[in-house]
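Below is one structure; the comments refer to it alone.
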Amino acid sequence: MPEEEPERLISEDGLRLDGRKPDEMRPIKIRAGVLKRADGSAYVEVGANRIVAAVYGPRELHPRHKQKPDRAVVRFRYNMAPFSVDERKRPGPDRRSIEISKLSKEALEPAIFTEYYPRTAIDIFVEVLQADAGTRCAGITAASVALADAGIEMRDLVAACAAGKVDGHIVLDPMYYEDGHGEADVPLAMMPKEGEITLLQMDGDMTPEELKKAIRLAKKGCKIIYKEQRRALKRKYGEEE
Amino acid sequence: MPEEEPERLISEDGLRLDGRKPDEMRPIKIRAGVLKRADGSAYVEVGANRIVAAVYGPRELHPRHKQKPDRAVVRFRYNMAPFSVDERKRPGPDRRSIEISKLSKEALEPAIFTEYYPRTAIDIFVEVLQADAGTRCAGITAASVALADAGIEMRDLVAACAAGKVDGHIVLDPMYYEDGHGEADVPLAMMPKEGEITLLQMDGDMTPEELKKAIRLAKKGCKIIYKEQRRALKRKYGEEE
Amino acid sequence: MPEEEPERLISEDGLRLDGRKPDEMRPIKIRAGVLKRADGSAYVEVGANRIVAAVYGPRELHPRHKQKPDRAVVRFRYNMAPFSVDERKRPGPDRRSIEISKLSKEALEPAIFTEYYPRTAIDIFVEVLQADAGTRCAGITAASVALADAGIEMRDLVAACAAGKVDGHIVLDPMYYEDGHGEADVPLAMMPKEGEITLLQMDGDMTPEELKKAIRLAKKGCKIIYKEQRRALKRKYGEEE
Amino acid sequence: MPLDQDLLARLKRHEVLEALRAGERVDGRDFEEFRPIELRTDVISKANGSALIHLGNTQLVVGVKLEVGTPYPDTPDEGALAVNAELVPLADPTFEPGPPDENAIELSRVVDRGIRESEMIDLKSLCIQEGEHCWVTFVDIHVLDHDGNLFDASLLASVAALHRTRVPRAEVVDDEVEVDETETTPLEVRDFPVSVTLALVDEHLLVDPCLDEEVVMDARVTVTVTEEGRICAVQKGERGSLPEHLLDDAIDLAVKKAEEIRRVVKAQL
Amino acid sequence: MPLDQDLLARLKRHEVLEALRAGERVDGRDFEEFRPIELRTDVISKANGSALIHLGNTQLVVGVKLEVGTPYPDTPDEGALAVNAELVPLADPTFEPGPPDENAIELSRVVDRGIRESEMIDLKSLCIQEGEHCWVTFVDIHVLDHDGNLFDASLLASVAALHRTRVPRAEVVDDEVEVDETETTPLEVRDFPVSVTLALVDEHLLVDPCLDEEVVMDARVTVTVTEEGRICAVQKGERGSLPEHLLDDAIDLAVKKAEEIRRVVKAQL
Amino acid sequence: MPLDQDLLARLKRHEVLEALRAGERVDGRDFEEFRPIELRTDVISKANGSALIHLGNTQLVVGVKLEVGTPYPDTPDEGALAVNAELVPLADPTFEPGPPDENAIELSRVVDRGIRESEMIDLKSLCIQEGEHCWVTFVDIHVLDHDGNLFDASLLASVAALHRTRVPRAEVVDDEVEVDETETTPLEVRDFPVSVTLALVDEHLLVDPCLDEEVVMDARVTVTVTEEGRICAVQKGERGSLPEHLLDDAIDLAVKKAEEIRRVVKAQL
């Protein structure tokens, strides 16, 4: 966070506070298979976000009456470490993390061939060790790599990225300060191969045209993320998944 | 609530603050079948009380080990909407509502032929949208109509009404201010056909004779309620149930 | 608690605040079979500790998937009455009582022939009615007698007693004030017949040699407790168990 | 080992009803007879007041603790009362650990009404500084052995504990309350409410039901009576109904028995 | 009695899809048609504002309560807003008692964003004393009958209730807030956000899905639109995906329908 | 897919015991050998201190956060310490979401005692204003990958994080604490406690058990040793017993290994 409140978030020459162009992502780092106990795992850095995802499953689901005879039940838990944010977060789920967990599950499920794994559970856990803006997108990005690392059959990877509106400009991948001081935030997740959108939220103030523009920009970000996801899996498995 | 604290709750000519005679009920309105999703439902107004009741069942009871081989299990949940009282009520059950739920269940169960529905659950839900005094009685009254509306076989309807002691007088159906400033409150529920009492509570200060008088007065109130319950069912079903 | 803070906890002639010698226990009283409903029970006083233990079982364990095919599951609940301590304790388990429950269970389990009771639960409940120092040891002591009273087959009784370090001296069975103002506390439980230690904790400051000395002293205390445990059972059952 | 609990219950039910039909109670008592009451006060030195009661085989402890708190906004010149009952799993095989269930809550609320509505405690005497500080009186009921009629046993022990409660000296110094535990005065107590619980079994009213009777009862009526013979609380419970004339009988019987029990218990204080 | 729920669900799904294939909705509406909206305000006199809405058979009450609280440290000159939704088990056989589940939380958060991001309430007008006291605006959604599209019904009723909310006079006297409930002024409201929810079923976008449609939908998109036709919140839910062009359609459709609905509802205020 | 977990466990148990009988550990280590330790500090910039540890395949992060709070009434001139461990379900298939269970609580309490009883932190240095304001030191243990011996890994990372913790400048202005996060001084740390955990398996004491060994161990002993070689905490866990002479051995072994580990870890700070 800048020491003093900056007057404007986009400079006269069109650059952002951290020197990025409006359509530029923050640095990304993705690693697959970072944990031994989990069936699949991944680590993602986007800006100062530090996120670990793990997948367990397909595994037995208890109690039995929650099993689905024709598909796997996907469960998702987004959790922030107490030290991941400025003010210590009390452990345990709050309303925000419960909503994010629900939407992240719904963002990933379209990509999973759940019908291949009837009566089982696929459990996805995302731990935010350090939060910059965009943790829900980074979590979905990490979870998707972890699913692939666990060998779960998928239609495509799911890549996620936000766009935002800052000083009237539509920008890609807002960082913490832009998120807090901008006019709107548009997190989006998609399956890049078919262009299908699996997560979309927006809050703030936008015209319909700005919103559509933000969606297109976020999709562009997702494609960059997607390349990094595939690179991470290739690094681990020797060739494209 | 009167703007200024009144000196006496019963005037010289024997009338109450709202102009009622000691043995007079507040206006009552009962409607059967006000909800589409529930198997049975009812709406009750007594004074400023606004109460909705719904019944689901007989339906399957999970987990199985809670089923009774020889009868239905009756469950009752009394709940106040956060905006139903002067100071916003935090959502969720408190000690008062847990006690009321238990006693209301026990007030209704004698009337239900639970033995006709072995291994099932009959779930009764009462939502207080606005509370004047006497919500537990109005809730039982509404629930009883909802049970009939759900087609549950019953020995009789259960009608409920309170009596109270105010300025030394035994009065019928105390309203909010009388309840808060009176000397005693006696909620009662009964099956009017046989005269069997299924709920009785009292707190305050009464001689044994006053208590007996209050019980008799509350029974009188129940009979008025009973007529309205039957009228409501008749309105919906064309003839007396 | 002394009215004024004493300057030293051990006097010049080697005596403690309550007049005990360093290796002297507080008065002990043990009774077996003090409750009618429980399958086994015991009451223990050590100093001002007042503790009741009850055992239910072996009994059916629900839900079924928690059953062990080759042994009983031992459960232990240590609980303090709200009025048992200086400042009223809010009802319900806190972190301290959850840890004590876990360690107490692990202290008793080695003595129980759990393999004789497959698929069952053995439930042990300890209620602290008044707490002086050493409640976890007194609780284990009481629970062990309650297990015997319930007729559960055991390798040996488990006796428990603490040692401590006070003014640089290793002392037996610290009382409340010594526990709060001493340098270290060493609760210990054992099966006296074989000399096997089943519980050991320590916190404070000790050299390795002091710790070993404290362990030996606590073992001495356990043997005294053991005699009282057997005497209590003999009193009830006419002869040594 | 796991015996057929249902079978056992049915046999017990049979035994209780059989006895009643022969005009007797399962434990040989008269219909209107309480079980022996044994009361010991001042059993918990960490509490400001305490009592241990045996009512037949039912056994429980009540501890009263006074803590400094803030008055409710609508009663700025009064102390507060909080009654809590813990049905700890040590006391009965069906009691489960966890927050109080509907039975524990009903029990504590009926005892609370007995204490509160009888006005046995002058809550104004528990005010330390108007609107700022007061004593909160915690009455904690800790059940040890459950053989029926927890209602009456709990109120008796609570009232006895309150009668023996001592209030520490409290002074306000610089807006903070300083408490001196060594200097105490007795809590002002103005009444001795006693509740009488009757079980309706097969159209009989049984005073002070034991657990075997509670298991088979159709309904339960608890009537709480002040020293002057006035009623301060009534609670009908359980899923049976009863006709008005039996209620009238129950009220009269409760008033009569309450006085008798009060005498027995006061003699032990 | 317990019918085969799965079988019923499959039959219903079949019926909905069958109708769609024939170019129709299961209840006969046009694809872009809302169900009839009936709104009654000021239904709860204990609330500072309230509304009861029927959206087809969906029925819910919203109550607005103002309580004195403390401003957040980072917005010392603003009041606070708290939206809560209770999916009470009375409203649907699948709703369960207990704290709000993920569905109730999502619902309340989407409504919250509609109110908050449209800036329909001037939170600064709810400050009583900077940094010390403010009004907390509780918007409580109480669902009575669930026949689909709780999102739009909840926002409509919430906005209507806020439009009818009156703020009691509050004065700071000796650092304490004194509230006079008899003297009130209308809450300052500056916008009328309306959300439009679309269900994606079999590649069709259905406006205002009823429950039968929600059960079979692949995805759900809710777009919240201000009076000026700007977007203040979007939420895609459920486990399906949708292509960008359908999203574009959804946005345009929502903007169009929002204005229409706003007109209908305002006429009833 | 769901393999026979019980069968797997039995095979693993067999393997561990087989190795022991041959005088070896299942992963080839000596009985007294720790796994490789890799420590990185300052990994979380949002924390005031942090460390990531790998102990073999066990991996966890500790973050230290300082927050302004109120001193406990009985230690008005001291800051506070709160240690919390989250066994998040990401780290092990048997960990479940929800509040800390008995294992997480035992872990955090043993680490807490190591920190507290060694007096490595001068709590008095964390007092901001006597009786009014102090720093509360939250030590949060976040387990990422569980391959045994969480006790030692957690204490090592916690102590390392505390050694790297910086305290922001805090000033009391008008009774309120103003914190300047940009100006910090190192937390005063006076010791470097190290715990050594031993597993008793088949009468052998194994230093730093891996998960396969923990699954089969009879008992566990953790001894925490200060820089001066004094003992500040001991914890025996799990449902086995051990004779006194093995305890004596464990104490001596722990003192020896603690010094060695401390050297290894300090070199990485």
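Small disclaimer: the values here were computed from a predicted structure and weren't measured. Letters A, B, ... are given to chains in the order of the sequence lines, protein chains preceding strands, and every chain is numbered from 1.
For A:A131, the part sitting under 4.5 Å from any heavy atom of chain F is the backbone (N, CA, C, O) and nothing else. Neither the backbone nor the side chain of A:V55 comes within contact range of chain F; no heavy atom of the residue lies under 4.5 Å from a heavy atom of that chain. Proximity to chain A (any heavy atom under 4.5 Å) is shown, for F:T58, by neither the backbone nor the side chain. No part of F:N48 comes within reach of chain A, as not one of its non-hydrogen atoms sits under 4.5 angstrom from that chain. Heavy atoms of F:L66 lying under 4.5 Å from chain A are absent altogether. Neither the backbone nor the side chain of A:A146 comes within less than 4.5 Å of any heavy atom of chain F.
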**Prompt:** Does the pair A:K36 and F:D147 meet the rule for a side chain to side chain contact (heavy atoms under 4.5 Å, CB included), with working shown?
**Reply:** CA-CA 8 Å; A:K36 301 283 175 187; F:D147 190 25; over 6 Å; no
**Message:** Quick one, F:H142 with A:V52, criterion side chain to side chain contact (heavy atoms under 4.5 Å, CB included). Give me CA distance, side-chain angles, the key distance, then yes/no.
**Reply:** CA-CA 12 Å; F:H142 217 73; A:V52 189; over 6 Å; no
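Enclosure of atom CZ in F:R40 is not indicated, since only 12 or fewer non-hydrogen atoms of other residues, nucleotides or ligands lie within 6.0 angstrom. Atom OH of F:Y72 has 12 or fewer heavy atoms from other residues, nucleotides or ligands within 6.0 Å. Around atom CD of F:Q268, more than 12 heavy atoms belonging to other residues, nucleotides or ligands sit under 6.0 Å away. Within 6.0 Å of CD on A:E115 lie more than 12 heavy atoms contributed by other residues, nucleotides or ligands.
Remark: side-chain polar atoms of F:Q59 are not paired, donor with acceptor, to backbone N or O of A:L35 under 3.5 angstrom. Of the possible donor and acceptor atoms, none in the side chain of A:E127 sits under 3.5 Å from a partner among the backbone N and O of F:L144. Looking only at distances, no side-chain donor or acceptor of F:D140 sits under 3.5 Å from a matching main-chain atom of A:F83.
Evaluation of the side-chain contact (heavy atoms from CB on, under 4.5 Å) rule for A:K89 yields A:M80, A:V85, A:D94 as partners, not counting sequence neighbours. For F:H163, the ring pair (Phe, Tyr, Trp, His ring centres under 6.0 Å) partners are F:F192, not counting sequence neighbours. Not a single ring pair (Phe, Tyr, Trp, His ring centres under 6.0 Å) links A:Y78 to another residue, sequence neighbours left out.
Looking at F:D92 and A:R37, a side-chain N of the basic residue comes within less than 4.0 Å of a carboxylate O on the acidic one, giving a salt bridge. Ion pairing of A:D86 with F:K46 is present here, as a side-chain N (NZ or NE/NH1/NH2) and a carboxylate O approach within less than 4.0 Å.
Within the 4.5 Å cutoff, no side-chain heavy atoms of F:N84 are placed close to those of A:R90.
Along residues 166-176 of chain F, no residue comes nearer than 4.5 angstrom to chain A, judged on non-hydrogen atoms.
Listed here is the closest heavy atom pair of F:P93 and A:R59: O-NH1, 3.4 Å. Taking all atoms of both residues into account, the shortest heavy-atom contact from F:A91 to A:Y56 is C-OH, 3.4 Å. Nearest heavy atom pair, residue F:E86 against residue A:P91, reads OE2-CB, 3.3 Å. A:R77 approaches F:P89 most closely through the heavy-atom pair NH1-CD, 3.6 Å. Across A:A53 and F:L90, no two heavy atoms sit closer than the pair C-CD1, 3.9 Å. The two residues A:R88 and F:E67 have their closest heavy-atom pair at N-OE2, 2.8 Å.
How far CD of A:Q130 is from OG of F:S50: 8.0 Å, rounded to the nearest 0.5 Å.
In terms of heavy-atom pairs under 4.5 Å with chain F, the best-connected choice from A:P93, A:S84, A:A38 is A:S84. With chain A as the partner, the residue from F:P99, F:G63, F:A47 showing the most heavy-atom pairs under 4.5 Å is F:G63.
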